[in-house]
Amino acid sequence: MGTARYNTTFNYVPGGPILRGTVNDPTTFPKPSPIHGSYHWAFERLLSAGLVPLTAAAFVTSGSNYPIVDALLGVSLVMHSHLGFDSIVVDYLHPRKFPILGPITTWTLRAATVATLVGVYQFNTNDIGLTELVAKAWTA
């Protein structure tokens with residue numbers, strides 16, 4: 001039997017951009033940081049669990065009477081959404097495979113989160129607020 005010959009100058013990888021190196025190259029690991037790993041996971045769980053009583057408190061009370069609860073709900077919902085979308089970007093648009101699209105998507109998400117936080121602040125301070133909006137939409 002003859003041995004198969006492969007063309008090593010062929011750079012196309014089906015299914016996506018070209019990966020640098022080979023499958024035998026070691027993976028670089030990030031430096032340990034307290035904002036990653038178990039601390040990050042615990043913060044996400046704490047934020048998710050805290051949304052349940054905060055949502056109940058926001059709708060039991062009126063948003064115009066308790067603007068702190070309205071502000072906490074708005075910021076918590078935006079941060080909860082940001083963490084979820086950030087996990088998607090980190091998992092599926094890794095910079096090693098997508099060296100241009102990955103960072104662009106990460107910074108687009110960050111900009112959208114800041115813009116949403118500014119919008120929630122403006123809506124809560126200059127308009128009826130988040131809980132009043134939901135209450136009016138619920139009874140409409």
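- If you take CG on Leu93 and CD1 on Ile104, they are separated by 10.5 Å, rounding to the nearest 0.5 Å.
- Of the residues listed (Leu109, Val90, Thr113), the one engaging Phe85 in a side chain to side chain contact (heavy atoms under 4.5 Å, CB included) is Leu109, and it is the only one.
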Distance-only criterion, 3.5 Å: show the donor-acceptor pairs between side-chain atoms of residues 46-53 and protein atoms not counting sequence neighbours.
unit_1 : atom_1 : unit_2 : atom_2 : d
Ser48  : OG     : Glu44  : O      : 3.0
Ser48  : OG     : His80  : ND1    : 3.4

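- Counting all heavy atoms, side chain and backbone alike, Tyr92 lies closest to Phe98 at O-CE1, 3.6 Å.
- Residues Val75 and Phe43 are members of one and the same hydrophobic cluster, defined by side-chain heavy-atom contacts under 4.5 angstrom among Ile, Leu, Val, Met, Phe, Trp and Tyr.
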Show me, pair by pair, the donor-acceptor contacts under 3.5 angstrom made by side chains of residues 114-124, not counting sequence neighbours?
unit_1 : atom_1 : unit_2 : atom_2 : d
Thr116 : OG1    : Ala112 : O      : 2.7
Gln122 : OE1    : Asn126 : ND2    : 2.6
Asn124 : OD1    : Leu130 : N      : 3.0

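- Ala57 and Val69 make their closest contact through C-CG1, 4.2 Å (heavy atoms, listed as atom of the first residue, atom of the second, distance).
- Taking CG of Asp70 as the reference point, atom CD1 of Ile128 lies at 9.5 Å (rounded to 0.5 Å).
- In this structure, CD1 in Ile68 is found 7.0 Å from CG in Leu72, a value given to the nearest 0.5 Å.
- In this structure, OG1 in Thr105 is found 11.0 Å from CG in Asp86, a value given to the nearest 0.5 Å.
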